[in-house]
Number of protein chains: 2
Amino acid sequence: MATIKDIANAAGVSLATVSRVINNGPKVGDATRARIKEIMKEMGYRPNANARALVTQRNPSLGVVLAELSDPFFATLAHGIESVARKKDIQVLLSSGSIQSKTEMKAIDTLMEHRCEAMVVHSKALSDDALIEYAKEIPGFILINRYIEQIANRCVWLDNYAGGCTIAKHLLALGHKKIAIISSQYQIDDPVLRTKGVEDELAAAGITIDRNAIELATPDQEGGEQAMQNLLTKGAEFTAVVAYNDAMAAGAMSMLLDHGISVPNQVSVIGFDDVILARYCRPKLTTLKYPIEMMGIKAAELALSLASNKQTDQTDETYKYTPTIVKRESVAIAGHQ
Amino acid sequence: MATIKDIANAAGVSLATVSRVINNGPKVGDATRARIKEIMKEMGYRPNANARALVTQRNPSLGVVLAELSDPFFATLAHGIESVARKKDIQVLLSSGSIQSKTEMKAIDTLMEHRCEAMVVHSKALSDDALIEYAKEIPGFILINRYIEQIANRCVWLDNYAGGCTIAKHLLALGHKKIAIISSQYQIDDPVLRTKGVEDELAAAGITIDRNAIELATPDQEGGEQAMQNLLTKGAEFTAVVAYNDAMAAGAMSMLLDHGISVPNQVSVIGFDDVILARYCRPKLTTLKYPIEMMGIKAAELALSLASNKQTDQTDETYKYTPTIVKRESVAIAGHQ
DNA sequence: TTGTAAGCGTTATCAT
DNA sequence: ATGATAACGCTTACAA
């Protein structure tokens, strides 16, 4: 593969001049510039990104660490991130499949070895301390979907608790009093906060949720089906079901339908996330919009700008997003079972 | 950031020795090795991947070029690819969002600048010639979802034509004679081949499709709805609808349902791809399984192995996959309209 | 406007 | 078993 040296030789100039042409540097005669460009094209020259990263001590890439690409939620997030990278013509280094803290850590370390200075990471497994440490070392380190007070200006996150409140308010307004909850068996912050929001809001209206009407399962369609199955088996009474996410809601809904229970006439179902599935399933799912793509875009922009202006770290700005309700067909006024 | 030199100084040894320790090279005293490792840990040493790539003239990364990450189909593909990279502890360089030939080309070029030798690319926009050229230059260049004869051993692809035949056979066996087709308005190879498979098989049974019963639209849910709308408006007669993909099938189905036409009792609907949506929608979609994750895995393995054993390029092996039918609820024996 | 030369962090080939 | 030292391809003062 042709190097800068080959070009210089062929053009009868020095390395420096070629380098200037490559980088659109100033102080190069128009004639020489044109000639060199011509020769580069002829010889199929391609700059060596590694050499460049080495000498400049910087890698203009955006590192991305995600839990799971095949999940539509993460795919949408990745899409948002990728769109800003593409617009700025920046290469994305992706690591997904990290669900354990070890894998997450390794992913970040690999990115660091590439001297990647901008990265948006989704981490549920690593400790606050570990992440704070990374944030110190990496100028453009942005956390998505997680809030850590000490590095608040590095966090782009969703107010899950507020989401829970919104759901409860909506259901309350429609006259629902017996409410079931289907949540994730992984009781990390997201599901816990959402449930707490629902419960607190309900409590404010003098309603408590029957312990019998809470089911935990895997946060996917199968989990939703199973959880609903269990609810039905136990004979729990409810006119509305709050699911941890859309996938579980869809699963719960199909199980309800399979049992001849009409949604939303007999039972209302509400999801969370507003992934594409929410529009596909029947009845169409009423859910909370998780503006994940928008958040991904914000996170990517933040990471990139922090990585370049290494000074502007200490802002007081904060990046909290609040989910809003998307009314479709799966929720109605309280019926009688 | 600490370099190999810093470590060498701190340990009172030469660069070479430290390098040997890092690479688990032989010929290093156990005591020295231990001491150096200790110091590396203390100083938080991280090898510089760029320097390494420069001197070794190779980048142990896997480049991935996709059209659109937010599409569940591509997300699944990416997931397959990523899983093998992760297993082999290889960094993924991702470029998505390439729908035009310029973007695709740029994505590949960027990867080349990083001296990436293994890549799996999904390209619909670039010409055969351009791709053949890349395949020549890049040892581990693998094309997914595309077949080019001259570089057949670099192609991991699906037999769309066979898929069309399978669909037709299935419908024929159930007594369907009046069949409508909803295809993509982008008449690139995939939709064309699928339709041709259907038509040829039908023709073999003496059945031709009414030109009136063919609709093209965008290959998504909205497109499916619109196409079905048009079919209905035109008063086309059919007992079964063959859709280009699951999204269109789902759209068509919901439009049918909205018009009070029962699926599959009055009209059968069959999709293609078997994305997650096929299991979510109601009735559950009968469709053809596109083993995209499996294919992604194959492609990634191929790319990586080709990139390392630069000799084994000229095999006669070929990587064709055949879609198989997944029977669910949306297809039944021919009814009367 | 152009050239010279040092150096980025590693690996790898020689010596020792 | 360990050390010097020359690359790798590029950018960037500093000279000319």
Side-chain angles (χ1 to χ4, degrees), chain A residues 1-40 43-61 91 109-117 137 308, chain B residues 1-37 39-40 43-61 91 109-117 308:
Chain A
M1 171 133 294
T3 73
I4 217 176
K5 199 172 178 179
D6 301 328
I7 307 294
N9 287 148
V13 299
S14 73
L15 299 190
T17 305
V18 179
S19 176
R20 287 185 190 106
V21 172
I22 292 171
N23 298 290
N24 283 313
K27 311 191 179 198
V28 179
D30 287 349
T32 353
R33 168 161 295 166
R35 188 160 45 90
I36 292 178
K37 278 196 171 174
E38 179 61 28
I39 294 181
M40 291 198 306
M43 303 184 64
Y45 171 75
R46 292 178 197 280
N48 184 321
N50 299 308
R52 191 180 294 199
L54 177 59
V55 68
T56 58
Q57 294 283 39
R58 48 176 46 260
N59 186 338
S61 299
Q91 174 72 46
D109 286 347
T110 304
L111 257 17
M112 288 185 75
E113 291 181 4
H114 285 263
R115 297 303 182 265
C116 179
E117 293 169 315
E137 263 195 279
S308 46
Chain B
M1 172 132 295
T3 74
I4 221 178
K5 199 172 179 179
D6 300 327
I7 307 293
N9 287 147
V13 298
S14 73
L15 300 190
T17 305
V18 178
S19 178
R20 287 187 190 104
V21 172
I22 292 172
N23 297 290
N24 284 313
K27 312 188 179 199
V28 180
D30 286 349
T32 352
R33 169 162 295 168
R35 188 160 47 91
I36 292 177
K37 279 197 171 173
I39 294 180
M40 290 199 308
M43 301 185 64
Y45 170 75
R46 291 180 198 280
N48 185 321
N50 299 309
R52 191 179 292 194
L54 176 59
V55 68
T56 59
Q57 295 283 37
R58 51 178 41 258
N59 186 340
S61 299
Q91 175 71 48
D109 287 346
T110 305
L111 258 16
M112 288 186 73
E113 291 182 4
H114 284 264
R115 296 303 182 263
C116 180
E117 292 169 316
S308 46

With the criterion being N/O to N/O and under 3.5 Å, what pairs connect the protein with nucleotides 11-15 of chain D, and how long is each?
unit_1, atom_1, unit_2, atom_2, d
D/dT11, OP1, A/Asn23, OD1, 3.2
D/dT11, OP1, A/Asn23, ND2, 3.3
D/dT11, OP1, A/Arg52, NE, 3.1
D/dT11, OP2, A/Ser19, OG, 2.9
D/dT11, OP2, A/Asn23, ND2, 3.4

Item checked: Inter-axis angle, terminal five-pair segments of the helix from C/dT1-D/dA16 to C/dT16-D/dA1 [nearest 10°] -> 40°

Notebook entry, point to check: Which one of A/Asn23, A/Thr17, A/Val21 satisfies the side chain to side chain contact (heavy atoms under 4.5 Å, CB included) criterion with A/Ser19?
Noted result: A/Asn23

Checklist line | Pairs touching residues 45-56 of chain B that satisfy salt bridge (charged side-chain N to carboxylate O under 4.0 Å, His left out), sequence neighbours left out | finding: A/Asp109-B/Arg46, A/Glu137-B/Arg46

Checklist line | side chain to side chain donor-acceptor pair (under 3.5 Å) against B/Thr56, all qualifying residues, sequence neighbours excluded | finding: none

Item checked: Under 3.5 Å: donor-acceptor pair, side chain of B/Asn50, backbone of A/Ala53 -> no

Next item on the list: Identify the 5'-most and 3'-most nucleotides of DNA chain C with at least one atom closer than 4.0 Å to a non-hydrogen atom of chain A.
Entry: C/dT1 to C/dG9

Notebook entry, point to check: A/Met1 and B/Arg115: side chain to side chain contact (heavy atoms under 4.5 Å, CB included), yes or no, with the steps?
Noted result: CA-CA 10 Å; A/Met1 171 133 294; B/Arg115 296 303 182 263; 3.5 Å; yes

Which residues pass the side-chain contact (heavy atoms from CB on, under 4.5 Å) test with [X], not counting sequence neighbours?
X	answer
A/Val55	none
B/Leu54	A/Asn48, A/Ala51, A/Leu54
A/Ala11	A/Val13, A/Arg35, A/Ile36, A/Ile39
A/Leu15	A/Ile4, A/Lys5, A/Ala8

Expressed in angstrom and rounded to an integer, what is the separation of [X] atom [atom1] from [N] atom [atom2]?
X	N	atom1	atom2	value
A/Met1	D/dC10	CE	P	10 Å
A/Ile7	D/dC10	CD1	P	9 Å
B/Glu113	D/dG9	CD	P	15 Å

Check: Which value, rounded to the nearest 0.5 Å, describes the distance between A/Asn9 atom CG and A/Ile7 atom CD1?
Finding: 9.5 Å

Next item on the list: Give, for atom CE of A/Met40 and atom CD1 of A/Ile22, the distance between the pair rounded to the nearest 0.5 Å.
Entry: 5.5 Å

Checklist line | Sugar-phosphate, base or nothing in reach of B/Arg115, heavy atoms under 4.0 Å | finding: nothing

Item checked: D/dG3 phosphate, OP1 or OP2, under 4.0 Å from B/Ser14 side-chain N/O -> yes

Item checked: Earlier contact from the 5' end, DNA chain D, for B/Ala51 and B/Arg33 -> B/Arg33

